[in-house]
Amino acid sequence: MLWSLLKIVIFVTIVAALTLGASYLMDSTGGIQVTVAGVEYTFGPLQSVIAALVFLLAAWVLFKLVALLVAVLHFINGDETAISRYFDRNRERKGYAALAEGLTALASGEGRQAMAKAQKAERYLHKPELTNLLTAQAAEMTGDRKKAEDVYKRLLEHDSTRFVGIRGVMKQRLADGDTDTALKLAERAFAIKPKHEEIQDTLLTLQAQGGDWAGARNTLNAKLKHGTLPRDVHKRRDAVLALSQAKAILEDGNSIEAREAAIAANKNSPDLIPAAAMAARGYIEGGRKKHATRLLKKTWSVQPHPDLAAAFAEIEPQETPQERLKRFNLLLNVNSEHREAKLLNAELHLAAEDFPGARKALGDLAETEPDARVLTIMAAIERGEGANDAIVRGWLAKALAAPRGPQWVCDNCSNIQAEWAPVCGNCGAFDTLSWKTPPKNEGAMPVGAEMLPLLVGQPDIQEASENPLVNPEQQKLDEEVLEVIATPDAEADTTSDKLH
């Protein structure tokens, strides 16, 4: 509204100024005298201005005629396009001006105006390889995905714009969830421009999601070759892919090849916990227990983890709890102050029925880091030391409401997964799972059997039922909780991999 009013005021001002200038010239005296062939011509002030304008127009027409004459001479000399270029020059100027305005509108977020300018530029230039790209991007900006896809398909007809068309259709297929078609398009785009980093990342992610581990490793090597991936990151991600490939081989029944692939993955990335555990089990199957012990100790020194302890327990599956406690000192002496080492030590003492030793090994974790696993171990210690049911139930109630503790969490979307995987099951990101404590806003997880507190015995339910202060519903809940988290003593003595 304000801009329209301002334009009207400017227009009226210009008209008034021209009118005032014309009246001034008509009232003024003097002028210009021109003598041609002995004849003298006298022009008044207004006539002088008109004559100057006519002279400028005549000069412009003369310049155009000279340019046309030059084009005709070039045509006579054999340049067949000279005359057409002369007449097309003005059209090209208008076309490129419209194209520039369209690009400006696109950068400004004005999608509809950009599409209009693209159509205008096409009328003048007749170069769809330029205007189609502008039209497609403007259509995407305005939400007209069908038009954008049609334009991208037209871009496939020209060699210079084929990559752009493939990339545009690929992104639309990804948005629609059609990963199979998107994978084929990504492969075609990668064949045209193997150095394109976005296409490399997209192809790698799609191959990993589809389980094409060999293809993903080739793409990863291409990223390293073209300098789009640091060498240390390449080693880590190649180890992740090698581990995933080993798991696929193992599912096919080839344990020897899977063992070798897992060992290779561990060598490339010693801190990759699933690779270390799988490689260690491969050594155990081959009777190379010392190699398995050395490998697990090395990885434990970098990142203590329950899976490593479970694999370490499988080295000697028939040992007694006391023998196991003694042998595990090889592992516990490495990174002994780590939280996982303290929990493992406490659980080993529980399995050996050394409850004071378990309390000592647990330290102050019940006060400083009271998650479900810590609190459940405390309930087992209290039960083993003969505490009454009320105390045990108190620890169990805290455990039920406490955070779960470290888990496999996606660094990209914070999704929690029960097991490690190369690709996040929620957002599809590659190599983003880390063993860490979830954000505090994540809800507490129920206590499960995987924590295995090794509770010694069951509470005296009969005694509790005779106590009039005990709520029958609470008593039933206690029985269910104890049934879920308790492990029979005989099983605890023989399966140390369930200590975690």
Side-chain angles (χ1 to χ4, degrees), residues 205 208-211 213 236-237 239-251 258 262 265-266 269 271-281 296 299-300 302-314 338-340 343-344 347 369-377 396 399-454 480-481 483-487 491-492 495-500:
T205 301
Q209 291 176 353
W213 310 118
R236 159 75 185 191
R237 294 187 175 177
V240 171
L241 293 173
L243 174 63
S244 303
Q245 192 174 11
K247 288 185 175 181
I249 294 172
L250 185 61
E251 291 176 357
N266 176 255
S269 184
D271 61 337
L272 184 59
I273 293 169
M278 190 173 182
R281 290 186 172 97
L296 292 171
T299 308
W300 182 273
V302 178
Q303 176 65 63
H305 190 274
D307 289 349
L308 302 177
F312 194 80
E314 293 176 15
H338 194 276
R339 178 182 184 278
E340 183 60 38
L343 290 172
L344 174 61
E347 289 175 337
E369 300 181 58
D371 62 19
R373 184 178 171 192
V374 172
L375 297 174
T376 306
I377 291 176
L396 293 177
L400 284 171
R404 178 70 176 273
Q407 299 173 78
W408 290 114
V409 182
C410 177
D411 297 329
N412 187 48
C413 65
S414 298
N415 182 56
I416 301 174
Q417 295 192 188
E419 296 181 355
W420 179 89
V423 178
C424 175
N426 182 52
C427 66
F430 174 69
D431 189 26
T432 56
L433 292 186
S434 301
W435 182 256
K436 61 182 181 180
T437 302
K440 292 184 178 179
N441 59 351
E442 296 289 342
M445 302 292 290
V447 179
E450 65 274 8
M451 278 176 287
L452 297 170
L454 300 176
E480 294 176 352
V481 170
E483 183 179 355
V484 170
I485 65 174
T487 301
E491 184 181 0
T495 54
S496 62
D497 60 321
K498 294 184 178 179
L499 292 172
H500 316 287

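All residue numbers in this chain count up from 1 along the given sequence. It should be emphasised that the depicted structure is a prediction, and the values quoted were computed from it without experimental measurement.
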For the side-chain contact (heavy atoms from CB on, under 4.5 Å) test, which of Leu433, Leu272, Val423 pairs with Val240?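 Exactly one pass, corresponding to Leu272.
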Looking at Arg281, is its backbone amide N or carbonyl O close enough to the side chain of Glu314 to form a donor-acceptor pair, meaning the two atoms are under 3.5 Å apart?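 It does not hold such a pair.
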Does a side-chain heavy-atom distance below 4.5 Å link [X] with [Y]?
X      : Y      : result
Pro438 : Gln407 : yes
Cys424 : Gln417 : yes
Pro422 : Lys247 : no

Of all the heavy-atom pairs spanning [X] and [Y], show the shortest one and how long it is.
X      : Y      : result
Cys427 : Cys410 : SG-SG, 3.7 Å
Leu308 : Ala277 : CD2-N, 4.3 Å
Cys413 : Asn426 : SG-ND2, 3.3 Å
Trp408 : His305 : CZ2-NE2, 3.6 Å
Ala402 : Leu375 : CB-CD1, 3.6 Å
Ala208 : Phe430 : CB-CD1, 3.8 Å

First locate atom [atom1] of [X], then atom [atom2] of [Y], and finally report the distance between them rounded to the nearest 0.5 Å.
X      : Y      : atom1 : atom2 : value
Ile273 : Ser434 : CD1   : OG    : 9.5 Å
Arg236 : Asp271 : CZ    : CG    : 5.5 Å
Leu243 : Trp420 : CG    : CH2   : 4.5 Å
Gln303 : Thr299 : CD    : OG1   : 10.5 Å
Leu343 : His338 : CG    : NE2   : 10.0 Å
Lys436 : Ile416 : NZ    : CD1   : 10.5 Å

Start with the C-alpha gap between Trp300 and Glu340, add the side-chain angles, then the distance that decides, and say whether side chain to side chain contact (heavy atoms under 4.5 Å, CB included) holds. CA-CA 10 Å; Trp300 182 273; Glu340 183 60 38; 3.9 Å; yes
